[in-house]
Amino acid sequence: MAVPAAIADLLGIQSGVISRSQALDAGLQPHDLRRLVRRRELSSVHAGVYLDHTGHPTWLQRAWAGVLATAPAALSHESAIRAVCGPGLRVAEDRIIHVAVARERRSLVAPPGVRIHHLADLSSKTLWHASPPRVRIEQAALDVAAGAPDELTTIARLADVVQARLTTADRIRTALDGRTRIARRDFIAGVLGDVAAGTCSVLEHGYLSRVERPHGLPAAARQCRDSARGPVLRDVRYAAYALDLELDGRLFHDNARARDLDLDRDLASAVAGRRAVRLGWGQVFGRPCRTAAAVGRLLTRGGWCGQVRACPACRVAA
């Protein structure tokens, strides 16, 4: 039988995927669908969802199939982000299709290869006209960041979508303000503030609470004014041991001017007889114990007679 024009149009719009209800609404009868499957013009992907070939479905076809099998639904989490940017972003996940459905649909069973997330106010958080429908990028970024296995991954997830110019930190913060419940709310808000303002307050607090205090390093002076080359603030200064630490909270590649200013600050420390070391998110949140040991060795070279002590995380790692 010839595929009706309405069916062909839907298959074209939906990357070759169609649901049983859509086909029946477009004029096919149940026996017509069975015949198309027998003739291998359609193949079943999930119960009530069909593909217009018998080969391996692409990621986009699996995404459409997941949305149609759980309709009304929208791509969410990593799948929503991949639908916008393609497979290049690190947050993209191929194996599982993440879909969001209304919170009250608790009895819905996920088809194979699909993970269902129950979302409050689904309609207001979803772009239904997108192809396939998807949760807004800000909501997806928050879900992925909140569900990350650790804080460093949370930072990376937020930074990735902003650096890829999919959205802005301010827009994600607005979406966060609209959430009543989300894991790591205060930490996420702080990171978004850093991304938006170019400061590193979260990083400074992380250095104090994860590196310096738990490992018994000497107390440093913070935000010290250094006027040797104009009004410059040093993030962390161990004055007695001739060591300056610059906490670089920027999550993206610097422009040439910013990089030049950084090098100028480091040079000024060297001229004044102090060493200058630059730390980032990975050193503070990803590897705080290793960073503490390294800073301790630098302090010892400057005359510190103390010892770096093991924190609970160090003992677990050991």
Side-chain angles (χ1 to χ4, degrees), residues 89-91 144-160 162-163 183-184 186-195 198-224 233-254 258-259 262-263 265-270 272-318:
L89 201 63
R90 284 179 293 167
V91 76
V144 170
D150 52 60
E151 290 179 333
L152 183 59
T153 308
T154 295
I155 295 163
R157 295 301 182 244
L158 295 170
D160 282 346
V162 176
Q163 187 175 24
R184 297 178 177 150
D186 292 343
F187 181 74
I188 289 173
V191 172
L192 290 171
D194 285 356
V195 176
T199 65
C200 51
S201 57
V202 174
L203 193 57
E204 290 170 3
H205 181 266
Y207 178 81
L208 176 64
S209 62
R210 290 171 174 265
V211 179
E212 186 177 283
R213 283 178 178 167
H215 296 95
L217 298 178
R222 286 172 166 78
Q223 294 299 314
C224 300
L233 292 178
R234 301 292 181 179
D235 295 329
V236 177
R237 170 164 286 176
Y238 295 99
Y241 311 111
L243 177 64
D244 288 340
L245 298 183
E246 296 291 344
L247 299 173
D248 195 339
R250 286 166 296 187
L251 296 163
F252 316 125
H253 296 297
D254 293 335
R259 177 63 175 160
D262 287 343
L263 295 175
R265 281 205 297 263
D266 294 346
L267 182 60
S269 289
R274 296 185 302 272
R275 289 151 297 160
V277 177
R278 199 166 295 276
L279 304 178
W281 293 101
Q283 287 76 37
V284 172
F285 285 95
R287 301 172 293 281
C289 301
R290 188 191 309 173
T291 299
V295 172
R297 286 194 291 271
L298 290 172
L299 292 170
T300 299
R301 291 177 190 172
W304 182 50
C305 297
Q307 292 286 330
V308 177
R309 67 168 177 254
C311 74
C314 294
R315 290 190 284 271
V316 168

Residues two or more places apart in sequence or in another chain: which of them pass side chain to side chain contact (heavy atoms under 4.5 Å, CB included) with Ala189? Arg173, Leu176

Can you name the residues that form a side chain to side chain contact (heavy atoms under 4.5 Å, CB included) with Ala220, not counting sequence neighbours? Glu212, Arg222, Val236, Tyr238

Can you check whether Tyr241's main-chain N or O pairs, donor with acceptor, with Arg275's side chain at less than 3.5 Å? yes

Rounded at 0.5 Å granularity, tell me how far CG in Leu192 sits from CD1 in Ile155. 10.5 Å

Value for CG (Leu203) from CH2 (Trp281), rounded to nearest 0.5 Å, stands at 5.0 Å

Can you pull out every salt bridge (Lys or Arg N to Asp or Glu O under 4.0 Å) where at least one residue sits in residues 284-297? Sequence neighbours excluded, please. none

Non-hydrogen atoms of [X] and [Y] that approach each other most closely:
X	Y	result
Leu217	Ala292	CD2-O, 4.0 Å
Leu299	Pro218	CD1-CD, 3.6 Å
Gly296	Val308	CA-CG2, 3.7 Å
Cys289	Cys314	SG-SG, 3.2 Å

Would you list the pairs meeting side chain to side chain donor-acceptor pair (under 3.5 Å) in which at least one residue belongs to residues 144-154, sequence neighbours left out? Asp150-Thr153, Glu151-Arg210, Thr154-Arg184

Per the side chain to side chain donor-acceptor pair (under 3.5 Å) rule, what does the pair list look like for residues 299-311, sequence neighbours excluded? none

Across all chains, not counting sequence neighbours, the ring-ring contact (aromatic ring centres under 6.0 Å, His included) partners of Tyr207 are none

Counting C-beta onward and ignoring hydrogens, is there a side-chain heavy-atom pair between Val295 and Leu243 closer than 4.5 Å? yes

Exactly one of Leu152, Ile188, Val144 clears side chain to side chain contact (heavy atoms under 4.5 Å, CB included) with Arg157, and that residue is Val144

